[in-house]
Amino acid sequence: MPKIRNLNIATKLSVWACTLIVIFFATTAYLFQQVRQDAEVSSRIVSVNHDLDSAIQRMLERLYSVQDNIRRYKLIGGDEAVGYIVEDLTRFGEILNKTLEKHPEYADEWQSLSLEYEITLDPSETPGDSLTPDETVREWSDILEQSLLDNVADMEMSLTKLHEAGRHAADIGLYGLILCLVLGVGGSLVLAYFLKRSLTEVYRGIRELGTGASPRDVRVLSGDELGELALAFNAMAARLRREEKMRSDFIAMLSHEIRTPLTSVREAVDLVGSGTFGEINEKQKRFLSIAEKESIRLSELLARLLTVSRMESGELDLKYQETDGTKLVQSSLERLGPAAQAKKIELESKITDSSLPLRADPGHVQQVLMNLIGNAIKFSPEGGTVSVKANSADGKVVFCIRDTGPGIPQNEHERIFHKYYREPHVRESVDGAGLGLAISKRIVDAHGGRIWLDSETGRGSIFCFSLPIKKDNR
Ligand code: ADP
């Protein structure tokens with residue numbers, strides 16, 4: 001038999017609905033059956049017991065009247081009393097016969113009574129002579145009274161049974177209703193919980209994929225359509241991982257291969273520029289300086305590509321030590337000073353704390369600062385201002401870099417931290433590979449910090465990141 005978790009959603013819903021229907025109909029059928037039985041019992045009480053009761057009562061009335069008239073006859077004699085006795089006995093006989101027709105089960109019990117009555121009223125004899133003796137009538141009354149009592153007892157028993165059956169039916173109805181309710185509400189909650197669990201898992205995977213993180217497998221929690229969806233997602237994630245690995249391996253290989261000849265080119269340009277192989281004129285100097293700048297740019301690009309490919313293979317090795325945030329900002333500003341000067345951009349440090357101690361990898365944190373300040377300079381127009389703020393609060397040091405550049409539209413805020421992503425309107429006009437922010441985010445995340453952006457088109461940008469002051473167990 002297949003396990004419930006392996007059934008598809010439609011089958012699970014059908015099993016659940018069928019169970020509910022079966023319980024509901026079983027309860028209703030039982031109640032219906034019980035009502036029919038109760039109706040039969042009550043109709044028996046009415047048609048048998050009640051009918052018998054009234055017939056016996058009427059017969060007894062006649063017999064009591066016979067007894068009275070016998071007593072009267074014995075005291076004062078006379079035909080009138082005999083006439084009453086005969087009439088009563090005749091009526092008694094009629095009722096007796098009718099009752100026996102309807103209730104033949106009393107034939108045995110009332111056998112003596114009917115035989116004696118027939119003998120007593122032999123039409124060939126004179127009524128006065130054959131009048132039934134008083135004791136006989138009393139015996140008849142006793143038999144009938146006993147039958148009356150039996151009938152009442154039988155009626156009471158039927159009524160008790162009816163009452164018990166009614167109570168039992170009410171209990172069964174209530175239990176059935178409660179079971180339906182529990183299964184209905186409980187079943188739908190359980191089904192909703194399991195469906196939601198599987199959906200949440202796939203949703204988490206898709207969301208993670210959307211943030212640009214490396215695709216991770218999701219848990220396969222059921223064998224239904226959602227389980228198949230999770231399996232399909234995992235197959236897709238595995239393919240994406242393979243492709244990403246191939247791409248980063250290829251980039252790493254290419255970067256290594258280009259690095260060596262590039263170093264030779266830089267050294268050659270340096271040697272020629274320094275005049276080792278003879279005097280060079282101003283024009284040659286200018287071209288050599290362009291070649292040097294371009295080869296430096298290429299080296300930096302290769303370094304970034306290598307960093308990204310190392311990060312992807314999980315090789316971000318952080319060397320934690322006591323670090324001073326203020327010093328890191330100052331040194332970054334100093335190193336980027338020439339680039340800012342070249343664009344006549346003012347660099348401001350708005351740090352009031354003389355030192356901002358934290359436990360972090362200084363090399364990597366400096367790389368984040370250089371990326372963010374470098375971008376701020378790169379994207380600000382000539383004559384703009386770039387200011388850096390840092391302060392410590394709530395166990396964190398927060399760094400913020402503000403520029404007077406074009407700003408970034410709200411809908412791009414998440415994407416700009418993805419690898420190789422560059423805003424469409426800067427692609428043509430500004431150099432870059434779309435790696436700086438991805439690398440920065442990876443470094444900040446690895447420190448247990450957070451990086452974010454506050455910017456809108458035309459208002460400049462403020463890039464901030466926070467790092468915990470203390471990093472446990474490092
Ligand atoms: P790169 O600068 O090499 O293109 P980044 O990862 O550093 O790569 O930046 C990604 C994109 O984010 C940039 O191409 C640019 O569109 C946008 N961006 C980053 N910093 C700024 C900034 N200070 N002002 C405006 N846009 C920015």
Side-chain angles (χ1 to χ4, degrees), residues 210-214 244 247-248 251 255 293-294 296-312 316 329 332-333 335-337 339-340 342-350 364-390 398-446 449-465:
T211 61
S214 178
E244 215 168 272
R247 204 170 50 215
S248 75
I251 289 172
S255 311
K293 265 190 206 151
E294 290 303 313
I296 289 172
R297 213 158 67 85
L298 258 176
S299 297
E300 279 172 3
L301 178 63
L302 288 180
R304 283 188 170 196
L305 283 170
L306 270 175
T307 311
V308 165
S309 99
R310 276 198 206 112
M311 281 178 177
E312 270 164 11
L316 183 63
V329 173
S332 306
L333 289 175
R335 286 170 67 179
L336 287 165
K343 279 182 82 178
K344 298 190 181 64
I345 285 174
E346 193 188 339
L347 283 184
E348 285 179 355
S349 166
K350 291 190 171 175
H364 279 101
V365 177
Q366 174 118 49
Q367 193 178 352
V368 177
L369 283 165
M370 296 282 290
N371 283 346
L372 297 182
I373 302 170
N375 274 352
I377 296 169
K378 188 161 77 175
F379 289 102
S380 288
E382 261 190 40
T385 310
V386 170
S387 59
V388 184
K389 244 170 84 176
V398 182
F399 300 87
C400 285
I401 296 98
R402 175 196 281 268
D403 64 44
T404 49
I408 298 166
Q410 192 72 32
N411 59 347
E412 301 276 345
H413 283 197
E414 210 181 303
R415 265 183 289 178
I416 56 159
F417 290 101
H418 292 183
K419 259 179 320 182
Y420 310 115
Y421 184 78
R422 306 187 66 227
E423 247 192 286
H425 68 270
V426 303
R427 272 181 211 152
E428 307 299 321
S429 51
V430 189
D431 276 346
L435 290 172
L437 289 181
I439 293 173
S440 303
K441 181 168 169 31
R442 179 78 170 79
I443 292 172
V444 172
D445 286 349
R450 193 168 79 84
I451 186 163
W452 69 96
L453 152 72
D454 179 12
S455 171
E456 261 174 44
T457 317
R459 274 206 309 120
S461 312
I462 309 174
F463 277 89
C464 295
F465 68 98

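Indexing begins at 1, ligand by ligand and atom by atom, following the structure's order. Counting from 1, the numbers follow the sequence of the chain as shown.
Under the 4.5 Å side-chain criterion, counting only non-hydrogen atoms from C-beta, Trp452 is not in contact with Val444.
Here the CZ atom belonging to Arg442 is positioned 8.0 Å from the CG atom belonging to Asp445, to the nearest 0.5 angstrom. Atom CD1 in Ile443 sits 9.5 Å away from atom CD1 in Ile451 (nearest 0.5 Å).
Within the listing of ligand 1, atoms 22 (C), 23 (N), 24 (N) sit less than 4.0 angstrom from a heavy atom of Asp403. Atoms of ligand 1 found under 4.0 Å from any heavy atom of Lys378 (numbered from 1 in listed order, with element): 1 (P), 2 (O), 3 (O). The contact set between ligand 1 and Leu435, taken as ligand atoms under 4.0 Å from a residue heavy atom, comprises 6 (O), 8 (O). Listed by number with element, the atoms of ligand 1 under 4.0 Å from a non-hydrogen atom of Ser461 are 24 (N). Listed by atom number, the atoms of ligand 1 under 4.0 Å from Arg422 heavy atoms are 4 (O), 14 (O). If you number the atoms of ligand 1 from 1 as listed, the ones under 4.0 Å from a heavy atom of Gly434 come out as 1 (P), 3 (O), 4 (O), 6 (O), 8 (O). Residue contact check: Phe463 has heavy atoms under 4.0 Å from atoms 20 (N), 21 (C), 22 (C), 23 (N) of ligand 1.
Nearest protein heavy-atom neighbour of atom 20 (N) of ligand 1: Asn375 ND2, 3.4 Å. Nearest non-hydrogen protein atom to atom 27 (C) of ligand 1 is Ile408 CD1, 3.5 Å. Nearest protein neighbour of atom 3 (O) of ligand 1, counting heavy atoms only, is Ala433 N, 3.2 Å.
Backbone and side-chain nitrogen or oxygen atoms of Leu437 are examined, and one is located within less than 3.5 angstrom of a nitrogen or oxygen of ligand 1. Checked by distance only, ligand 1 and Gly436 come closer than 3.5 Å through their nitrogen or oxygen atoms. An N or O contact shorter than 3.5 Å is missing between Tyr421 and ligand 1 by distance.
Compare Phe417, Tyr420, Phe379 by their heavy atoms: the one nearest to atom 24 (N) of ligand 1 is in Phe379.
Look at Glu294 and Arg297 and you find a salt bridge, because one of the NZ, NE, NH1 or NH2 atoms lies within 4.0 Å of a carboxylate O, short of that distance.
The aromatic rings of Phe465 and Phe399 lie parallel to each other, with less than 30° between the two planes, well short of the 60° mark.
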